Amino acid sequence: MDSQAAYPLTLFSELQADLSAVANEERARQQQSYMKSLMPYWGIASSERKKIALKVFKKFPPSDNDMYRRIVQTIFDRAQYREEWYCAVDFAVKYKKYISTKNVDLYLYLIRQAQWWDVVDGVAVWLVGAALKGETDLSHFLKDWIRDQNLWIRRTALLTQLQYKRDTDFALLRKLILQVMHEKEFFIRKAIGWVLRQYSYTDAEAVIRFVSAHEDQLSKLSVTEALKALKRRGYFVSTP
């Protein structure tokens, strides 16, 4: 085996050994039950997992973008415990110089494999969102994702701009929401409310106008989530 192939495998072996050394069976059962996960857990708290992962990652920095991709995919594909999936995302987020549009395909791969919010949301916001921030034609990506048959890709289309604040393309976000607001899927309805609530900190009036104009089409969950921060801050809104 050449060194290029061995490097990610050695990293993964060390990571798995260090995680297994602090496994907690009782916590693992509780975590797996809470997350409704078929994949087992090691039973490690998030802060401890990140500390262990950081120590290993420092020993195995990626030399270039190709190695960055190899390591992320090796950890993710070889993972037997859910914390190892989280570590793959931790690694991808840590090396920010490689977070770019040329790795969006890798991030979407993680989303399609994970198929659950605990991995999807972090990838959508901190990897996909970070990679696409500043793109002059954001709709080039999101217009296709919002029509994807996979609900987690559609959720990603909604969450991509979650941390953009004043850089949010709200006109685009409105178009995306209008395409999926009829869906009964909980994770789509929740995402709609979440992104609107987040944007309400930047432009409260824009969110109020949008919700008021479409309250008959938006789900109660989406409306409640969208207006939660506004009501807490004392805005008067006539919607529920």
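What's counted below: heavy atoms across the whole structure, side chains too, no hydrogens, waters or symmetry copies. Because the structure is a prediction, the values reported are computed rather than measured.
By the 4.5 Å heavy-atom criterion applied to side chains, Leu159 and Gln198 are not counted as neighbours. Contact check for Thr168 versus Thr202: no side-chain heavy atoms found under the 4.5 Å cut-off. Side-chain atoms of Val207 and Asp203, non-hydrogen and from C-beta on, never get closer than 4.5 Å to each other. A heavy-atom distance below 4.5 Å is found between the side chains of Gln163 and Trp126. Residues Tyr41 and Tyr86 have side chains in contact (heavy-atom distance under 4.5 Å, counting atoms from C-beta outward). Considering only heavy atoms from C-beta on, Tyr95 stays 4.5 Å or farther from Ile71 through its side chain. You'll find the side chain of Val72 stays beyond 4.5 Å of the side chain of Asn103, heavy atoms only. Inter-residue side-chain proximity for Tyr164 and Leu173 is flagged as unmet; no heavy-atom pair is nearer than 4.5 Å.
Ring-plane geometry between Phe187 and Trp116 is classed as perpendicular, the angle between the planes exceeding 60 degrees on a 0 to 90 degree scale with a lower cut at 30.
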Check: Run the side-chain contact (heavy atoms from CB on, under 4.5 Å) check on Leu178 and Phe210 step by step: do they pass?
Finding: CA-CA 10 Å; Leu178 291 174; Phe210 179 79; 4.2 Å; yes
Next item on the list: Could you please spell out the steps behind the side-chain contact (heavy atoms from CB on, under 4.5 Å) verdict for Gln113 and Val119?
Entry: CA-CA 10 Å; Gln113 293 299 113; Val119 173; over 6 Å; no
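Between Ala53 and Leu15, the shortest heavy-atom distance links the atoms CA-CD1, 4.0 Å. The two residues Val56 and Leu11 have their closest heavy-atom pair at CG1-O, 3.8 Å. Across all non-hydrogen atoms, the minimal contact from Trp145 to Ala157 is CB-CB, 3.8 Å. Ile111 approaches Ala124 most closely through the heavy-atom pair CD1-N, 4.5 Å. Contact between Arg27 and Ala45 at its shortest, heavy atoms only, is NH1-CB, 4.0 Å. In plain terms, the two heavy atoms of Glu225 and Lys190 that are nearest each other are OE2-NZ, 3.2 Å.
A salt bridge links Glu183 and Arg154; the closest N-O separation between the charged side-chain nitrogens and carboxylate oxygens is under 4.0 Å.
Residue pairs meeting the side-chain hydrogen bond (donor to acceptor under 3.5 Å, both in side chains) criterion with at least one partner in residues 48-62, sequence neighbours excluded, are Glu14-Lys59, Arg49-Asp90. Counting only residues at least two apart or on different chains, the salt bridge (Lys or Arg N to Asp or Glu O under 4.0 Å) pairs with a member in residues 109-123 are Arg82-Asp118, Arg112-Asp148, Asp121-Arg155. Residue pairs that meet the ring pair (Phe, Tyr, Trp, His ring centres under 6.0 Å) test with at least one member in residues 44-67, sequence neighbours left out, are Tyr7-Phe60, Phe57-Phe91.
In this structure, the ring pair (Phe, Tyr, Trp, His ring centres under 6.0 Å) partners of Trp42, at least two apart in sequence or on a different chain, are Tyr81. In this structure, the side-chain contact (heavy atoms from CB on, under 4.5 Å) partners of Ala79, at least two apart in sequence or on a different chain, are Glu84, Trp85. Listed by chain and residue number, Arg147 satisfy the salt bridge (charged side-chain N to carboxylate O under 4.0 Å, His left out) test with Asp144 (two or more places apart in sequence, or in another chain). Taking the side-chain contact (heavy atoms from CB on, under 4.5 Å) definition, one finds that Asp169 meets it with Gln161, Ala171, Leu172, sequence neighbours left out. Partners of Arg189 under the salt bridge (charged side-chain N to carboxylate O under 4.0 Å, His left out) rule, at least two apart in sequence or in another chain, do not exist in this structure. Scored by the salt bridge (charged side-chain N to carboxylate O under 4.0 Å, His left out) test, Asp77 finds no partners at all (sequence neighbours excluded). For Glu26, the side-chain contact (heavy atoms from CB on, under 4.5 Å) partners at least two apart in sequence or on another chain are Asn24, Arg29, Gln30. Qualifying side-chain contact (heavy atoms from CB on, under 4.5 Å) partners for Lys175, counting only residues two or more places apart in sequence or in other chains: none.
Around atom CZ of Arg166, no more than 12 heavy atoms belonging to other residues, nucleotides or ligands sit under 6.0 Å away. Around CD of Gln115, the count of heavy atoms belonging to other residues, nucleotides or ligands within 6.0 Å exceeds 12.
For the atom pair Glu83 CD and Met39 CE, the distance stands at 10.0 Å (nearest 0.5 Å). Of the inter-residue distances, the one linking Arg70 atom CZ with Leu9 atom CG reads 10.0 Å to the nearest 0.5 angstrom. Taking CD1 of Ile75 as the start and CD of Gln16 as the end, the distance is 11.0 Å to the nearest 0.5 Å. To the nearest 0.5 Å, the span separating CG on Leu227 from CG on Leu196 amounts to 8.5 Å. Atoms NZ and CG, on Lys143 and Leu176 in that order, are 11.5 Å from each other to the nearest 0.5 Å. For the atom pair Tyr107 OH and Leu127 CG, the distance stands at 5.0 Å (nearest 0.5 Å).
Hydrophobic clustering (side-chain heavy atoms under 4.5 Å, transitive across Ile, Leu, Val, Met, Phe, Trp, Tyr) keeps Val22 apart from Leu54. Tyr201 and Leu162 fall into different hydrophobic clusters, where Ile, Leu, Val, Met, Phe, Trp and Tyr side chains are chained together by heavy-atom contacts under 4.5 Å. Criterion: ILVMFWY side-chain heavy atoms under 4.5 Å apart, direct or through other members. Under it, Trp152 and Met35 are part of a common hydrophobic cluster. Tyr34 and Ile44 fall within a single hydrophobic cluster, where Ile, Leu, Val, Met, Phe, Trp and Tyr side chains are chained together by heavy-atom contacts under 4.5 Å. Leu221 and Val180 fall within the same hydrophobic cluster, defined by Ile, Leu, Val, Met, Phe, Trp and Tyr side-chain heavy atoms under 4.5 Å apart, directly or through other members.
The backbone N or O of Leu151 sits nowhere less than 3.5 Å from a side-chain atom of Glu185 that would complete a donor-acceptor pair. A distance-only check finds a donor-acceptor pair linking the side chain of Tyr68 to the backbone of Ala92 [under 3.5 Å]. A distance-only check finds a donor-acceptor pair linking the side chain of Lys96 to the backbone of Val93 [under 3.5 Å].
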Residues 128-142, side-chain donor-acceptor partners within the protein, below 3.5 Å, at least two apart:
| residue | atom | partner | partner atom | Å |
| --- | --- | --- | --- | --- |
| Asp137 | OD1 | Ser139 | OG | 2.7 |
| Asp137 | OD1 | His140 | N | 3.4 |

